[in-house]
Amino acid sequence: MEKSVEGLNEWQSLKKRMVINRVHALIHGAALAALFYYRITSISITTSLPHLLIFAAELVLSFQWLLSQGSKWNPVSRTACPDRLPADDNLPSVDVFVCTTDPVKEPSLGVMNTVISAMALDYPAHKLHVYLSDDGGSPVTFRAVKEAWGFAKMWIPFCRKYMVNNRCPQAYFMTEQTGDHHFLLRKAHIQQKAYEDFKISLAKIADSTDSRVSRDHQPIIEVINDGDEMDKDPQMPHLVYVAREKRPFHSHRFKAGALNVLLRVSALISNSPYILVLDCDMYCNDPTSARQAMCFHLDPKLSPDLAFVQFPQRFYTLCDKDIYDGEFRYAWEKWEGLNGLKGPILSGTGFYIRREALYRSTQQLQKNGDMIKWFGSSEEFINSVYTHNKPNYPSDNVLQFLASCSYDNGTKWGEQVGFRYFAVVEDYFTGLILHCEGWKSVYYESSRARPGFLGTSPDNLGEVLVQHCRWSVGLNQVAFSRYSPLVYGLLRMSILQSMGYAEIAFYTISFLPLYILALLPQISLLQGIHLFPQLSSPFFLVFVFLFFSSQAKHLQEVLMTGYPTSTWITEQRMWMIRSFTSYFYANMYTIMDKIGLRKATFLPTNKAVDEAAAELYQRGVYNFEAPSVFMVPMCTLYMINMGSFVAGIWQAGKGNGMMLIESLIPLFGMILHLPLLQGMVVRKDKGRVPTNVSIVSLLLSSIVMAYASFAT
């Protein structure tokens with residue numbers, strides 16, 4: 001283990017994982033070379049469309065495998081040492097940005113718990129400033145944040161006095177706490193009653209106030225606690241409500257637009273050099289996360305080029321089985337791998353970012369006299385670029401001007417300043433640009449037992465697939481553009497770092513090989529066409545080895561990162577489901593967008609609780625009440641695989657020979673997706689596959705199989 005110069009953090013190369021990854025890459029790569037040799041020599045003898053298609057599928061999967069090696073080359077684990085930080089008076093200030101949009105899909109109680117947990121961070125209160133962006137401009141959220149301020153005046157001193165670890169009120173009162181008599185007494189008779197009153201007040205607000213999301217309103221900015229009140233109570237940080245201007249005729253640039261407004265408004269109120277960005281459902285679970293992040297930002301060896309510290313996203317709503325793969329285990333493993341390069345990809349929430357990294361080189365801009373062109377016409381904001389942590393308390397007119405929908409016009413905001421607008425995945429794209437500009441990042445997980453942040457994850461299949469479809473559209477916007485990591489990135493980053501970005505950007509093209517493998521071998525079974533080498537061929541072992549090599553490597557990664565074998569099965573299943581649905585439609589939307597038939601849209605994931613869906617999820621039972629456009633392809637493909645496998649066995653029984661690999665592919669899919677068969681045939685509960693979906697799927701699969709059987 002090597003320590004940094006100042007001892008604020010340590011890092012350790014995960015050598016065992018690195019050696020396994022590199023050895024496997026060498027052996028697996030050699031097997032792929034043998035596969036390509038077989039395909040090329042076979043196609044040169046017998047050229048047919050089925051063989052070309054299956055080769056194309058193998059090329060795409062091999063391309064994705066190659067890209068994945070970038071994040072496996074040098075995995076590194078990092079450790080923070082907050083006890084070695086300077087005194088509180090010498091710590092930099094931090095602004096916290098919390099974003100919300102719709103009080104129906106994102107209930108106020110959860111949003112306010114996130115806000116309060118951020119206000120209660122274990123950090124000097126006068127150096128902590130929390131900004132809530134209400135993109136819907138809802139009166140419900142505006143009234144709720146004032147109620148949250150009232151409760152926080154009791155809650156935050158309580159947390160600091162008794163050194164409470166879990167400072168999200170909702171999470172705190174759902175767990176058992178231990179302590180002395182006074183601690184328990186104060187909790188039971190004061191804090192819990194205050195929290196119950198707080199919940200009741202929010203419920204009354206939701207019932208009595210119009211909760212519709214506004215798309216046409218003036219900017220609203222209100223400092224909930226003014227400077228005088230903060231001086232009277234030094235334990236209370238700033239709390240600011242921001243609703244940027246929205247007009248139906250003006251592009252609002254989704255979350256990136258909201259963050260850039262917060263970036264400008266906060267610059268004139270607190271102007272902290274570091275910013276924590278949180279989704280409204282991602283509360284601060286470890287109150288020391290800010291101190292942990294400062295262990296990297298204040299390290300003289302890292303800080304000159306360090307743009308952000310990324311914490312993993314963990315979820316308190318996940319059940320033990322995690323049937324929808326909401327843990328994102330594979331993503332955080334890749335982020336740990338990128339730690340050994342120039343750092344991980346920006347991941348939407350739970351990151352502490354350096355304000356200066358979002359401003360670019362202001363000294364060079366000042367020399368060129370381009371400040372207005374870059375930052376806009378606000379003299380107050382331009383002046384704030386050169387100072388840090390000096391609140392100005394500007395007039396309301398100035399703040400509203402900065403939050404107006406037209407402020408970005410004619411400037412570099414969203415292009416080369418702030419969070420970037422090019423794609424709806426503003427986090428991924430902004431991180432890409434920052435790394436291309438020479439900045440570095442750090443992935444840090446404080447503890448699996450106490451993650452820095454905890455949020456909610458969708459508990460039904462439909463929400464999961466919609467969420468991934470939205471992300472996939474954004475990734476496609478980058479992958480198939482001038483900013484593609486394989487072109488733009490390769491010219492500005494190392495090859496391995498570009499491969500890490502490209503792996504994520506091109507993740508969605510897996511729909512193409514999986515559709516081919518879910519249809520072509522099955523049709524070949526019905527028609528007696530050999531697409532793979534027979535048992536007597538030496539290349540048969542190459543295909544078998546590649547299958548077991550990839551599966552064994554995936555299982556090794558799951559087990560080595562501390563997860564059970566069931567996670568391996570779930571990740572396989574959900575990757576295929578997402579490829580057949582979310583990734584497929586995302587690519588269709590991308591094509592339509594390129595030809596001008598559709599524009600990318602952003603809809604927030606529903607954070608409201610569905611009791612029926614939650615009950616099924618807690619039992620580990622899939623809820624197949626997803627949109628029909630998702631369910632019909634999955635069910636149709638399953639029926640085709642099941643029918644072709646039975647037909648192949650029947651032909652083998654008649655003495656026509658066994659096409660082993662062509663038979664094993666549908667068998668693997670049938671076993672892996674057994675819950676889908678149960679949803680169509682066995683289950684009778686609300687979450688079963690709808691009858692109309694099963695009927696349509698049966699009709700479509702019958703047409704495909706009939707055509708394949710009689711086609712010559």
Please identify each residue that fulfils ring-ring contact (aromatic ring centres under 6.0 Å, His included) with Phe630, with sequence neighbours left out.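 So Phe630 forms a ring-ring contact (aromatic ring centres under 6.0 Å, His included) with Tyr585.
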
By side chain to side chain donor-acceptor pair (under 3.5 Å), which residues pair with [X], not counting sequence neighbours?
X: Asp135; answer: Arg244
X: Asp685; answer: Arg683
X: Asn21; answer: Lys553

If I compare all heavy atoms of [X] with all of [Y], which pair ends up nearest, and what's the gap?
X: Leu318; Y: Asp322; answer: CD2-OD1, 3.5 Å
X: Ala708; Y: Leu526; answer: CB-CD1, 3.8 Å
X: Thr349; Y: Asp279; answer: OG1-N, 2.9 Å
X: Leu461; Y: Asn623; answer: CB-O, 3.3 Å
X: Leu14; Y: Ser77; answer: CD2-CB, 3.9 Å
X: Ala502; Y: Leu486; answer: CB-CD2, 3.6 Å

Roughly how far, to the nearest 0.5 Å, is the [atom2] atom of [Y] from the [atom1] atom of [X]?
X: Arg619; Y: Glu615; atom1: CZ; atom2: CD; value: 4.5 Å
X: Thr456; Y: Leu454; atom1: OG1; atom2: CG; value: 10.5 Å
X: Leu546; Y: Leu541; atom1: CG; atom2: CG; value: 11.0 Å

Kindly indicate, with the supporting measurements, whether the criterion side-chain contact (heavy atoms from CB on, under 4.5 Å) is fulfilled by Leu677 and Met670. CA-CA 8 Å; Leu677 178 63; Met670 288 164 53; over 6 Å; no

For the residue pair [X] and [Y], is the inter-centroid distance of their aromatic rings smaller than 6.0 Å?
X: Phe539; Y: Phe532; result: no
X: Phe351; Y: Phe311; result: no
X: Phe506; Y: Phe480; result: yes

Do the side chains of [Y] and [X] get nearer than 4.5 Å, heavy atoms only?
X: Glu445; Y: Trp332; result: no
X: Tyr483; Y: Phe429; result: yes
X: Leu346; Y: Tyr428; result: no
X: Leu61; Y: Leu517; result: yes
X: Ser347; Y: Gln313; result: yes
X: Cys168; Y: Thr114; result: no
X: Phe580; Y: Tyr515; result: yes
X: Ser481; Y: Phe422; result: yes

Answer yes if the side chains of [X] and [Y] hold a donor-acceptor pair under 3.5 Å, and no otherwise.
X: Ser579; Y: Ser510; value: yes
X: His24; Y: Ser549; value: yes
X: Glu662; Y: Ser524; value: no
X: Arg470; Y: Tyr589; value: no

Please check if the side chain of Trp471 supplies one atom and the backbone of Val425 the other of a donor-acceptor pair under 3.5 Å.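 Not confirmed, Trp471 side chain does not pair with Val425 backbone.
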
For residues 47-65, which residue pairs pass the salt bridge (Lys or Arg N to Asp or Glu O under 4.0 Å) check, not counting sequence neighbours? Arg39-Glu58

Would you please classify the geometry between the Tyr316 ring and the Tyr283 ring as parallel, tilted or perpendicular, with 30° and 60° separating the classes?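 Ring orientation of Tyr283 relative to Tyr316: tilted.
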
Mind checking whether Phe624 and Tyr622 have parallel, tilted or perpendicular rings, split at 30° and 60°? parallel

Salt bridge check: are Asp325 and Arg578 linked by an N-O gap of less than 4.0 Å? yes

Any chance you could lay out the side-chain contact (heavy atoms from CB on, under 4.5 Å) test for Phe540 and Ile661, step after step, and finish with the verdict? CA-CA 9 Å; Phe540 175 83; Ile661 296 181; 3.6 Å; yes

Within residues 62-72 or reaching into it, pairs that qualify as side chain to side chain donor-acceptor pair (under 3.5 Å) - sequence neighbours excluded: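 Only Ser71-Glu503, Lys72-Glu557 qualify under side chain to side chain donor-acceptor pair (under 3.5 Å).
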
Mind running side-chain contact (heavy atoms from CB on, under 4.5 Å) on Ser694 and Leu698 for me, showing each step along the way? CA-CA 6 Å; Ser694 297; Leu698 179 61; over 6 Å; no

